[in-house]
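To start, the structure under review is shown below, and the notes come after it.
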Amino acid sequence: MADEGYVTAGDGVRVYFRAAGTDPRVVLVPNGMHLVDEFARLARDRTLIFADLRNRGRSDAQSAAEGRGLDVRQDVEDMHAIAMHLGVECVDVIGHSVQGLIAGVFAMTYPSQVNRVVQIGPMAANPDTEYPAGLSNRDAVFAQVMNALATLQAERANHEPEAFCRMVWAVLNPLYVTDPANADRIRWSRCELPNERGAMRYFMEHTMPSIRALNLTAEQFARVTAPVLIVHGNLDRSAPYGGGREWALRLPNARLLTVTGAGHAPWIEAPDLVFRAIDVFLRGAWPAEAEQVAPTRFTA
């Protein structure tokens with residue numbers, strides 16, 4: 001397997017990937033280039049495939065005028081194309097944030113192709129769900145970041161695109177961790193790439209509407225035959241902790257690893273716990289700390 005390269009999807013769009021490891025067992029990490037350096041430690045006896053899905057990173061971009069490739073269902077198909085290109089019958093999947101949701105949809109769409117799924121700080125299945133205060137973290141930092149983003153957006157025309165992208169990420173970084181000292185460890189911007197400079201607009205105009213249109217049902221959740229480990233910081237400001245609990249409740253064979261005191265990047269704030277738990281899970285067992293979630297109230 002090449003260390004990096006492109007997979008051509010059925011419609012001719014090229015999807016970029018990087019590989020870590022040489023073992024025949026494959027773990028797909030969609031839109032996970034921000035995880036490469038830290039998650040490569042999981043590649044001792046498996047191969048991690050970090051991929052930029054279309055319109056992201058180094059993969060090909062498409063315009064709305066082309067009429068396709070602008071929603072999460074296409075992201076799922078691109079993941080399928082990568083697996084087919086690699087010639088593997090069954091893969092594990094690790095998805096962080098929005099990709100945690102997409103990993104779940106991939107397992108619903110291709111259940112026989114998925115062995116195990118790890119969702120890290122996944123977006124809620126219904127992103128418009130309002131969770132009680134104990135299951136979300138809309139604290140003062142969240143408010144400060146949102147206000148700063150609004151101010152910065154009003155000044156967008158005054159800045160060159162790459163510089164503006166870096167300014168946005170400088171504002172966003174504190175959102176993802178609970179200890180401000182860890183904010184400089186959020187190095188997710190990739191602003192040197194044109195696709196990433198437009199990622200926020202693409203997310204708001206195409207990704208989010210397509211997620212809302214999924215309207216996931218109990219029947220779709222029931223299609224997931226693979227075990228699913230949800231790793232979620234209970235102080236996550238970006239993807240409410242309640243969303244992680246709801247994934248664990250609605251999936252047929254899922255458990256939740258709560259990372260107490262952590263935010264949207266729990267592997268930064270509790271690396272020993274998170275990486276050990278993921279490794280144990282990918283080897284075929286449930287981490288001791290993972291719990292089966294009992295029904296609870298999810299709306300305010």
Side-chain angles (χ1 to χ4, degrees), residues 31 33-35 55-57 72 96-102 120-212 231-246 258-270 298-300:
N31 281 349
M33 293 300 175
H34 63 294
L35 305 176
N55 303 301
R56 296 297 305 274
V72 294
H96 172 232
S97 193
V98 178
Q99 305 309 315
L101 179 148
I102 293 174
I120 304 174
M123 174 183 280
N126 178 355
D128 295 320
T129 300
E130 292 291 335
Y131 296 96
L135 297 176
S136 62
N137 186 21
R138 297 297 187 255
D139 63 359
V141 173
F142 179 86
Q144 291 165 5
V145 169
M146 294 302 106
N147 290 336
L149 283 177
T151 299
L152 188 58
Q153 186 63 38
E155 303 171 353
R156 181 171 191 149
N158 300 328
H159 302 284
E160 182 271 332
E162 183 172 344
F164 181 78
C165 174
R166 296 189 187 285
M167 293 168 69
V168 167
W169 275 101
V171 170
L172 282 173
N173 287 351
L175 187 72
Y176 302 124
V177 292
T178 54
D179 183 349
N182 287 323
D184 64 355
R185 297 180 61 186
I186 303 296
R187 299 162 189 162
W188 303 348
S189 68
R190 306 176 76 201
C191 291
E192 70 278 7
L193 302 175
N195 277 348
E196 294 306 299
R197 296 198 287 270
M200 185 60 69
R201 179 172 292 177
Y202 175 73
F203 176 78
M204 297 304 298
E205 293 181 359
H206 300 291
T207 302
M208 276 301 291
S210 72
I211 288 174
R212 290 189 172 101
V231 180
H232 215 127
N234 72 319
L235 298 181
D236 193 329
R237 303 182 184 99
S238 183
Y241 173 61
R245 294 192 68 86
E246 190 166 7
T258 299
V259 187
T260 303
H264 196 51
W267 67 89
I268 288 178
E269 300 184 284
F298 288 109
T299 56

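Worth saying up front: this structure is predicted, and the values here are computed from it rather than measured.
- We find the CG-CG distance between Leu135 and Asp236 to be 12.0 Å, quoted to the nearest 0.5 Å.
- Using a 4.5 Å heavy-atom threshold, the side chains of Leu235 and Tyr241 count as separate.
- Qualifying side-chain contact (heavy atoms from CB on, under 4.5 Å) partners for Thr207, counting only residues two or more places apart in sequence or in other chains: Val72, Val98, Tyr202, Phe203, Ile211.
- The shortest heavy-atom contact between Val171 and Ala148 is CG1-CB, 3.7 Å.
- Sorted by first then second residue, the side-chain hydrogen bond (donor to acceptor under 3.5 Å, both in side chains) pairs that include residues 145-169, not counting sequence neighbours, are Glu162-Arg166.
- Taking Met33 as the reference, Tyr16, Arg18, Val36, Phe50, Asp52, Arg190 meet the side-chain contact (heavy atoms from CB on, under 4.5 Å) condition, with sequence neighbours excluded.
- Every residue meeting the side-chain contact (heavy atoms from CB on, under 4.5 Å) condition with Ile268, not counting sequence neighbours, appears here in chain and number order: Glu38, Asn182, Arg185, Ile186, Ala265.
- For Ser189, there are no side-chain hydrogen bond (donor to acceptor under 3.5 Å, both in side chains) partners, not counting sequence neighbours.
- Not counting sequence neighbours, the partners of Ala124 by the side-chain contact (heavy atoms from CB on, under 4.5 Å) test are Tyr131.
- Pairs of residues two or more places apart, or lying in two chains, that qualify as disulfide (SG to SG under 2.5 Å) and include a residue from residues 146-179 are Cys165-Cys191.
- To the nearest 0.5 Å, the span separating CG on Leu35 from OG on Ser97 amounts to 10.0 Å.
- With sequence neighbours excluded, no residue forms a side-chain hydrogen bond (donor to acceptor under 3.5 Å, both in side chains) with Ser136.
- Partners of Glu205 by side-chain hydrogen bond (donor to acceptor under 3.5 Å, both in side chains), not counting sequence neighbours: none found.
- Looking at heavy atoms from C-beta onward, Val259 lies out of side-chain contact with Glu269 at the 4.5 angstrom threshold.
- Of the inter-residue distances, the one linking Thr178 atom OG1 with Asn137 atom CG reads 9.0 Å to the nearest 0.5 angstrom.
- Annotation for Met167: atom CE counts as buried by contact number, over 12 foreign heavy atoms lying within 6.0 Å.
- Taking every heavy atom of both residues into account, Pro122 and His232 meet most closely at CD-ND1, 3.4 Å.
- Pairing each heavy atom of Ala239 with each of Gly121, the nearest pair is CB-O, 3.4 Å.
- Between Leu172 atom CG and Leu149 atom CG the span is 5.0 Å, to the nearest 0.5 Å.
- With sequence neighbours left out, Glu196 forms a salt bridge (Lys or Arg N to Asp or Glu O under 4.0 Å) with Arg56.
- In this structure the side chain of Met123 reaches within 4.5 angstrom of the side chain of Met208, judged on heavy atoms.
- When all heavy atoms are compared, the tightest approach of Arg212 to Pro127 is CG-CG, 4.1 Å.
- For Trp188, the ring-ring contact (aromatic ring centres under 6.0 Å, His included) partners at least two apart in sequence or on another chain are His34, His96, Tyr176.
- Listed here is the closest heavy atom pair of Pro266 and Gly263: CD-O, 3.6 Å.
- Residues forming a salt bridge (Lys or Arg N to Asp or Glu O under 4.0 Å) with Asp139 (at least two apart in sequence, or on another chain): Arg237.
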